[in-house]
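Heavy-atom basis, side chains included; hydrogens, waters and symmetry copies ignored. What you see is a predicted model; the values in this text were computed from it and never measured. The first residue in the sequence is number 1, and the count goes up from there.
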Amino acid sequence: MATHQTILDVDCAVVGLGVMGASTLYFLAQSGGKVVGIDTYSPPHGHGASHGGYKVTREAVAEGPAYLHFVRRSNALLRDLEHRYGVSLMQRTGTLIIGSEATSSASGFLRDTIGIAQANGIVHEVLPSRELRRRYPQLIGIAEEDTGYLEPDAGFIRPEPLLDLQIALAEHAGAEILRNTAIKRITSVSGGVEIEAEGVRIRARQVVVAAGRWMGELLGDQLASLLTVGRQRTFTFKVRDAAAYRAERFPTLMWFRERVGGDCATVFPLEGSEEGLKFFVADTEVDARIGQSSDRFFEQHVAPFFSGISPELQATEACYYTSTSDHGFLLDWHPDIAGLFLVSACSGHGFKHALGIGETVSAVLRGRPTPDLSAFSLERFFAGLPGH
């Protein structure tokens with residue numbers, strides 16, 4: 001256990017052990033050398049973005065073809081981990097995306113999703129509104145102009161078991177894990193990077209910072225100005241018609257609804273008989289009085305669109321995600337601190353890519369070949385400015 005006098009000299013340090021940090025730590029530990037992972041809390045925890053029981057995955061990523069390598073590699077690595085360790089990390093329920101041309105937030109997303117699927121041989125169906133109503137009668141709010149994209153081999157990833165497994169495997173491979181250890185500052189020093197934390201000073205040849213919502217406060221104003229922290233809230237409601245929401249009849253769902261301004265509700269199928277139905281939504285109208293906000297949410301976002309759901313709230317929690325202005329990832333070396341690699345922001349759609357990104361970042365640090373990361377560089381935000 002680290003004491004106030006402890007100084008650690010390591011090859012690589014990973015700051016932040018959410019899914020991006022945990023994946024990077026796992027691959028770095030497997031490849032040898034002295035590695036340490038640090039988190040302000042004890043992961044998995046509920047203070048960032050890597051929790052909540054469910055994370056949507058799909059192979060056709062509307063965010064662009066640069067992401068395709070990561071999601072495909074992540075799916076292969078997930079299957080390998082499940083096979084090797086006998087664990088369930090992903091539920092292949094199918095992923096259904098519903099929206100319409102009338103909903104500006106959905107039209108481009110749906111069009112790009114279908115285009116990526118068609119261009120890359122991803123198995124999918126495009127469903128008109130009448131077919132959506134036939135297959136999913138529990139979705140009572142489907143509009144005439146709605147279209148669905150169904151990817152049958154997709155579904156959701158289980159965040160907490162994935163983090164637990166990766167951190168345990170990293171530890172087994174020799175990585176040291178510093179839990180409940182707050183970082184005070186990160187600075188450049190001769191030969192690498194120094195991390196000053198509670199009770200310990202770490203000197204590392206290379207550092208990966210994957211600190212999510214804390215990136216800006218750790219690394220200063222220049223980086224903070226590029227990032228925005230948003231909040232998403234989950235509401236879990238009791239279900240009256242459980243059979244209608246089990247995976248055999250209800251896929252993982254992303255639904256952009258014109259009647260509520262194009263807001264997307266993400267909903268996951270039931271697994272256990274006592275579980276409620278969990279809804280994820282951007283936290284734009286939620287106040288501190290959870291009971292009142294859940295009533296308003298149910299009336300506006302659930303009752304007009306889903307049958308067989310009770311207004312009885314079973315649970316609610318918040319999730320924080322960090323975005324860039326173009327909603328793309330940052331995967332690049334820090335411009336002023338040699339040896340420090342940035343793995344953020346993941347803009348609310350990073351979880352399904354995390355294993356592939358962790359593998360790639362480990363390869364970057366080890367000097368091995370990697371896919372092209374230019375789409376995720378810092379330079380895109382500074383190009384055209386004086387001095388760039």
Side-chain angles (χ1 to χ4, degrees), residues 13-21 23-24 38-41 45 47-50 61-64 66-67 70 105 108-109 181-189 192-197 202 204 206-233 264 282-286 318-351 353-354 357-358 360-361 364-365 372-388:
V14 179
V15 176
L17 298 178
V19 69
M20 292 293 175
S23 295
T24 301
I38 313 118
D39 198 284
T40 302
Y41 302 98
H45 55 73
H47 301 283
S50 297
V61 283
E63 292 80 9
Y67 294 90
F70 293 132
S105 57
F109 188 85
T181 303
I183 305 277
K184 296 178 180 178
R185 62 185 59 86
I186 300 174
T187 54
S188 180
V189 296
V193 183
E194 184 170 271
I195 301 167
E196 185 181 345
I202 300 163
Q206 295 173 313
V207 171
V208 174
V209 179
R213 60 186 282 208
W214 298 278
M215 291 287 286
E217 95 183 41
L218 279 178
L219 296 173
D221 292 343
Q222 183 184 28
L223 189 62
S225 67
L226 302 177
L227 306 176
T228 302
V229 178
R231 186 169 74 165
Q232 190 175 65
R233 183 165 291 281
C264 180
D283 196 357
T284 56
E285 56 179 54
V286 176
C319 175
Y320 296 87
Y321 57 94
T322 308
S323 299
T324 59
S325 58
D326 64 3
H327 302 288
F329 296 174
L330 280 182
L331 302 172
D332 202 355
W333 294 102
H334 192 284
D336 302 318
I337 303 177
L340 191 153
F341 197 85
L342 306 172
V343 183
S344 192
C346 297
S347 298
H349 61 96
F351 209 97
H353 305 289
I357 286 174
T360 296
V361 174
V364 169
L365 268 61
D372 181 13
L373 298 181
S374 59
F376 312 108
S377 73
L378 271 169
E379 182 64 25
R380 71 188 195 267
F381 298 108
F382 302 121
L385 294 179
H388 288 81

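Inter-residue side-chain proximity for Leu219 and Leu342 is flagged as met; some heavy-atom pair is nearer than 4.5 Å. Counting heavy atoms from C-beta outward, His349 and Tyr321 have side chains that stay 4.5 Å or more apart. The shortest side-chain heavy-atom distance between Val193 and His334 does not fall under the 4.5 Å cut-off. Looking at heavy atoms from C-beta onward, His353 lies in side-chain contact with Val61 at the 4.5 angstrom threshold. The closest side-chain heavy-atom distance from Asp332 to Leu373 is not below 4.5 Å. Counting heavy atoms from C-beta outward, Leu227 and Thr324 have side chains that approach closer than 4.5 Å. Residues Phe341 and Gln206 have side chains not in contact (no heavy-atom distance under 4.5 Å, counting atoms from C-beta outward). Here the side chains of Ile38 and Leu17 are not in contact, with every heavy-atom distance at 4.5 Å or above.
Note that CG of Leu365 is 4.5 Å distant from CH2 of Trp333, once rounded to the nearest 0.5 Å. Atom-to-atom distance recorded for Leu340:CG and Thr187:OG1 is 10.0 Å, nearest 0.5 angstrom. One finds the OG atom of Ser374 at 10.0 Å from the CZ atom of Arg380 (value rounded to the nearest 0.5 Å). Here the straight-line distance linking atom OG of Ser50 with atom OH of Tyr320 works out to 14.5 Å at 0.5 Å rounding. One distance of note links CD1 of Ile357 with OG1 of Thr24; it measures 8.0 Å at 0.5 Å rounding. Taking CG from Asp326 and CG from Leu226, the interatomic distance works out to 9.5 Å, rounded to the nearest 0.5 Å.
The minimum heavy-atom distance between Gly216 and Ala224, with the atom names listed, is CA-CB, 3.7 Å. Of all heavy-atom pairs spanning Ser23 and Ala354, the tightest one is CB-O, 3.4 Å. When all heavy atoms of Pro335 and Gln222 are compared, the closest pair comes out as CG-OE1, 4.0 Å. Nearest heavy atom pair, residue Ile183 against residue Thr40, reads N-OG1, 4.4 Å. The two residues Gly212 and Thr322 have their closest heavy-atom pair at C-OG1, 3.2 Å. Nearest heavy atoms, Ala49 versus Cys319: CA-SG, 3.5 Å.
For Ala66, the side chain to side chain contact (heavy atoms under 4.5 Å, CB included) partners two or more places apart in sequence, or in a different chain, are Ala375, Phe376. Listed by chain and residue number, Tyr41, His47 satisfy the ring-ring contact (aromatic ring centres under 6.0 Å, His included) test with His45 (two or more places apart in sequence, or in another chain). Partners of Glu217 under the side chain to side chain donor-acceptor pair (under 3.5 Å) rule, at least two apart in sequence or in another chain, do not exist in this structure.
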Would Val208 and Val15 count as a side-chain contact (heavy atoms from CB on, under 4.5 Å) if you check the C-alpha gap in whole Å, the side-chain angles of each, and the deciding distance to 0.1 Å? CA-CA 6 Å; Val208 174; Val15 176; over 6 Å; no
